[in-house]
S.K.: 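Dropping a structure here in structure tokens format, bear with me for questions.
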Amino acid sequence: MYDAIIIGARVAGSPLAMLLSRKGYRVLLLDKTTFPSDTISTHHIHQPGVARLRRWGLLDKIRASNVPPTTEIRFDVGPFAITGTPPPAEGDVAEAYAPRRTVLDKILVEAAVAAGAELREGFSVEELVSSEGKITGVRGRDKKGSAVTEHARIVIGADGVRSFVARSVEAPVYFDKGMLTSNYYSYWSGVQLQGVELYTREGHLMVADKTNDGLSMVTAVWPKEEFNRVRSNIEAEFMRTLAQHAPALAERVRAGRREEPFRGSGFLPNHFRKPYGEGWALVGDAGYVKDPITAQGITNSFSHAELLAEALDDGFSGRRVMIDALANYERKRNEEVTAMFEHTTQLARLASPPPEMIRLFEALQGNEVETGRFLGTVTGTVQIPAFFSPENMSRIVKASALRPAA
């Protein structure tokens, strides 16, 4: 009998297993794949996520993996670009990282095992076990194909947007914005970047980021309706989009060497799920998923693993009734991400910025402090409602008008 069975051992499941195991609970961590292995991802860990890695004692392992830190963001809106450094997280964590998932997930899995979690790789979960309306365990097959049944006080789905657990318990979906974009990315050597580079255009977005071993990850984003057309000739469409909308980046990419095939997706939903019920819970993309355009997925998964670990500890220890502790987890999760969810889904419409945003971008030029705060809304170190309030935007624009001409 385990305290928790966690299905999915990537950026939500492994941290949760690690945190629960460190509290002394007996955890079984299952995954259908083996590690290291790759998965489609934005890779990027914003400063708040990096702060958690430091708190968990894992940041040095990330730094040792030959992935460079970035502190600067270049936000190109077409006629001009603004460049700056967002405020740090927790006072002094200024750097972000974009490690390959073969690197990051292996570090997280190993941390879970080191904390005492039992890992079973190559395990296929076939059904959830229930008794009197409560989930009590799982049935599946191990890597040798043998049938296995295990029981736990709670079963947690950390198994991604297509979560088997969520489907099995029919977890209700809410705040559903549908699917808005599609994307493709690959990795190039020999491409020099100025920090993280973002290019926003009507109908498109391009992002370039540094990852392990001197490679640059370059992503292009289209409306979801264009996915099948792009997929029919990925390389040509990818390079045509870069050349048309980010010619300077396209020139650097052409001068480099593509080292791997293109990867991408046209399945990018935006919704919340109720993340708990009798004997079950959801974490990571299984419970809350949004367009990758703001690259919040890994950072959110870390945070929500912490929130769920706290709730489960409250329930296991008897400090709170478990179902009440899990309801509090949902409330805290939603309070944390709702503003970013709305901001992300608005950006994912790939529309031209409204006039007030154009005026704001123009006013940010030459204003190092406010440019940093604007970029902090991207990284999650500045509150979105406060920065984009009409009063604050008007203040920035008025201050710009009073600055001497360069």
Side-chain angles (χ1 to χ4, degrees), residues 1-35 56 105-106 108-160 163-169 171 275-284 286-287 301-302 304-330:
M1 181 73 175
Y2 295 91
D3 293 303
I5 295 174
I6 302 172
I7 302 171
R10 292 195 184 270
V11 294
S14 282
L16 178 60
M18 175 193 71
L19 293 168
L20 289 175
S21 296
R22 287 178 178 180
K23 292 177 183 292
Y25 296 109
R26 189 174 181 217
V27 178
L28 175 61
L29 182 60
L30 306 174
D31 204 289
K32 62 185 178 182
T33 190
T34 58
F35 297 91
W56 298 341
D105 294 357
K106 181 67 171 174
L108 297 174
V109 165
E110 289 176 347
V113 172
E118 180 183 340
L119 172 67
R120 296 188 197 171
E121 300 172 276
F123 191 100
S124 298
V125 177
E126 296 178 338
E127 65 176 313
L128 302 185
V129 178
S130 62
S131 176
E132 299 180 353
K134 180 178 180 179
I135 301 301
T136 59
V138 302
R139 288 194 183 95
R141 295 188 179 275
D142 62 20
K143 63 173 60 177
K144 295 180 180 179
S146 300
V148 177
T149 300
E150 299 288 3
H151 294 276
R153 298 161 76 181
I154 193 165
V155 174
I156 298 148
D159 48 344
S163 170
F164 170 81
V165 176
R167 295 196 312 273
S168 298
V169 300
Y276 70 94
E278 292 291 342
W280 62 271
L282 303 174
V283 70
S301 290
F302 288 176
H304 299 167
E306 279 195 336
L307 291 177
L308 183 53
E310 292 167 4
L312 293 172
D313 186 33
D314 284 344
F316 288 150
S317 66
R319 289 190 297 270
R320 301 187 71 164
V321 175
M322 179 62 84
I323 207 73
D324 293 339
L326 293 172
N328 192 47
Y329 155 63
E330 179 180 25

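Reckoned from all heavy atoms, side chains included, excluding hydrogens, waters and symmetry mates.
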S.K.: Could you check whether any side-chain N or O of Asn328 sits under 3.5 Å from a backbone N or O of Ala311, counting only pairs where one atom can act as donor and the other as acceptor?
M.R.: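 Here the side-chain-to-backbone pair does not exist.
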S.K.: Quick one: closest heavy-atom pair of Gly13 and Leu29, and the distance?
M.R.: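 Taking every non-hydrogen atom into account, O-CD1, 3.9 Å.
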S.K.: Are the side chain of Ser146 and the backbone N or O of Asp142 linked by a donor-acceptor pair below 3.5 Å?
M.R.: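 Flag not set: sc Ser146 to bb Asp142 has no pair under 3.5 Å.
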S.K.: What are the two closest heavy atoms between Val283 and Ala12, and how far apart are they?
M.R.: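 Closest approach of Val283 to Ala12, heavy atoms only: CG1-CB, 3.9 Å.
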S.K.: Under 4.0 Å between a Lys/Arg side-chain N and an Asp/Glu carboxylate O for Arg139 and Glu127?
M.R.: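 Salt bridge between Arg139 and Glu127, a charged N being under 4.0 Å from a carboxylate O: yes.
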S.K.: Got a donor-acceptor contact below 3.5 angstrom from the Ser14 side chain to the Ala9 backbone?
M.R.: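 A pair under 3.5 Å: yes.
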S.K.: Report the residues that fulfil side-chain contact (heavy atoms from CB on, under 4.5 Å) with Thr34, sequence neighbours left out, ordered by chain and then residue number.
M.R.: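 With sequence neighbours excluded, Thr34 shows a side-chain contact (heavy atoms from CB on, under 4.5 Å) to Glu121, given in chain and number order.
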S.K.: With a 3.5 Å distance limit and no angle check, can you tell me whether Arg26 reaches the backbone of Met1 through a side-chain donor-acceptor pair?
M.R.: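 The answer is yes, because a donor-acceptor pair under 3.5 Å joins these two groups.
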S.K.: Are any of the side-chain heavy atoms of Phe164 and Lys32 separated by less than 4.5 Å?
M.R.: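 Answer no - side chains too far apart.
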S.K.: For the residue pair Trp56 and Met18, establish whether any side-chain heavy-atom pair is separated by less than 4.5 Å.
M.R.: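 Side-chain contact under 4.5 Å: yes.
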S.K.: Search all heavy atoms of Val129 against all heavy atoms of His151 and return the closest pair with its distance.
M.R.: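 Taking Val129 first and His151 second, the nearest heavy atoms are CG1-CE1, 3.8 Å.
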S.K.: Which atoms form the tightest heavy-atom contact between Val165 and Ala281, and what is the distance?
M.R.: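 Scanning both residues, the minimum pair turns out to be CG1-O, 4.5 Å.
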S.K.: Looking only at side-chain N and O atoms, does Asp313 offer a donor or acceptor that is under 3.5 Å from a partner on Ser317?
M.R.: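 No, no side-chain donor-acceptor contact under 3.5 Å.
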S.K.: Have Tyr329 and Glu310 got a donor and an acceptor in their side chains that come within less than 3.5 Å?
M.R.: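 The criterion, which ignores hydrogens and geometry beyond distance, is not satisfied for Glu310 and Tyr329.
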S.K.: Going from CG on Asp105 to CZ on Phe35, what distance comes out if it is rounded to the nearest 0.5 angstrom?
M.R.: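 It is 6.0 Å, given to the nearest 0.5 Å.
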S.K.: Quick one: CG on Asp324 to OH on Tyr276, what's the gap to the nearest 0.5 Å?
M.R.: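 Here the interatomic distance stands at 8.0 Å.
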S.K.: Using 0.5 Å steps for rounding, measure from the CG atom of Leu30 to the CG atom of Leu119.
M.R.: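 The CG atom of Leu119 is 8.5 Å from CG of Leu30, to the nearest 0.5 Å.
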S.K.: Are side-chain heavy atoms of Met322 and Leu312 found at a separation under 4.5 Å?
M.R.: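 Yes. Closest side-chain heavy atoms under 4.5 Å.
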S.K.: Could you grab the distance from atom CG of Leu308 to atom CG of Leu20, nearest 0.5 Å is fine?
M.R.: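 It is 7.0 Å, given to the nearest 0.5 Å.
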S.K.: Are the side chains of Glu150 and Tyr2 in contact, using a 4.5 Å heavy-atom criterion?
M.R.: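 Side chain of Tyr2 against side chain of Glu150, heavy atoms only: contact under 4.5 Å found.
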S.K.: To the closest 0.5 Å, what do you measure between CG (Leu128) and CZ (Arg167)?
M.R.: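 It comes to 10.5 Å.
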S.K.: Is any side-chain heavy atom of Phe302 less than 4.5 Å from a side-chain heavy atom of Val11?
M.R.: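 They are in side-chain contact.
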S.K.: Grab the two heavy atoms, one from Ser301 and one from Gly284, that are nearest each other, plus how far apart they are.
M.R.: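 In this case the closest contact between Ser301 and Gly284 is OG-CA, 3.7 Å.
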S.K.: Among Val27, Ile7, Ile6, Ile5, which residue satisfies the side-chain contact (heavy atoms from CB on, under 4.5 Å) criterion with Ile156?
M.R.: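 Exactly one candidate clears the test, Ile6.
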S.K.: Write down the atom of Ala17, the atom of Ala117, and the distance for their closest heavy-atom approach.
M.R.: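 The answer is CB-CB, 4.1 Å.
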S.K.: To the nearest 0.5 angstrom, please state how far the NE2 atom of His304 sits from the CD atom of Glu330.
M.R.: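 Here the rounded value is 11.5 Å.
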